[in-house]
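To keep things clear, I will list the structure first and then write my remarks on it.
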Amino acid sequence: MQTPEEYEVTKRVLELLKLHKKRHGITKRKFSEKLGIGLTTLDDYLNGTSSFRLGTLMKLSSILKVKLSDLLEGTEAFCQLVNEDQKSEKKEEDIKNYVD
């Protein structure tokens, strides 16, 4: 099981994976391959069964093009990245609702 701090890191990773998937269409399987871990291991990390290893987080930050500190601490830069995406998503939804 993860500590509360590790759980917070996992939540940030999930947000970034969703964002990356939306922008680049990458699957969890492909992402796990890029990280050099199995899909089951990635699932264990994401569902809180086990904690991310530092090396995995370092690879993750490199792939996602974010600073490791953004993943670990939820910095303002991280929040801004996620908020920008949510604003973009809201605009797309508003346009869709207007057209429908």
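Below, each value reflects all heavy atoms present in this structure, side chains not excepted, and no hydrogens, waters or symmetry copies. Note that the structure is predicted; figures quoted are calculated from it, not measured.
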*asked:* When you group the ILVMFWY residues by side-chain heavy-atom contacts below 4.5 Å and let the links chain together, are M58 and V13 in the same group?
replied: yes
_Residue pair S32 / L42: nearest heavy atoms and the distance that separates them_ = CB-CD2, 4.0 Å
_Once side chain to side chain donor-acceptor pair (under 3.5 Å) is applied, do any residues pair with T49, and if so which ones, sequence neighbours excluded?_
N47
*Rounded to the nearest 0.5 Å, how far does CG of D70 lie from CG of L64?*
10.5 Å
*Would a distance-only check, ignoring hydrogens and angles, find a side-chain to backbone donor-acceptor pair under 3.5 Å from Q2 to Y45?*
yes
*Would you mind checking if K28 and D43 are paired as a salt bridge, meaning a charged N to carboxylate O distance below 4.0 Å?*
yes
*Are L68 and L16 linked, directly or through other ILVMFWY residues, by side chains that come within less than 4.5 angstrom of each other?*
yes
*Do F52 and T41 touch side chain to side chain, with heavy atoms closer than 4.5 Å?*
no
*asked:* To the closest 0.5 Å, what do you measure between CD (E73) and NZ (K67)?
replied: 11.0 Å
*Is the closest basic N to carboxylate O distance between E8 and K11 below 4.0 Å?*
yes
_L17 and L60: CA distance, side-chain angles, deciding distance, side chain to side chain contact (heavy atoms under 4.5 Å, CB included) verdict_ = CA-CA 9 Å; L17 287 179; L60 186 67; 4.3 Å; yes
*Does one hydrophobic cluster hold both L14 and Y7, with members joined at side-chain heavy-atom distances below 4.5 Å?*
no
*Does the R12 side chain pair with the main chain of L72, one donor and one acceptor, at a distance under 3.5 Å?*
yes
*Kindly indicate whether the side chain of K34, heavy atoms from C-beta on, has any atom under 4.5 Å from the side chain of I26.*
yes
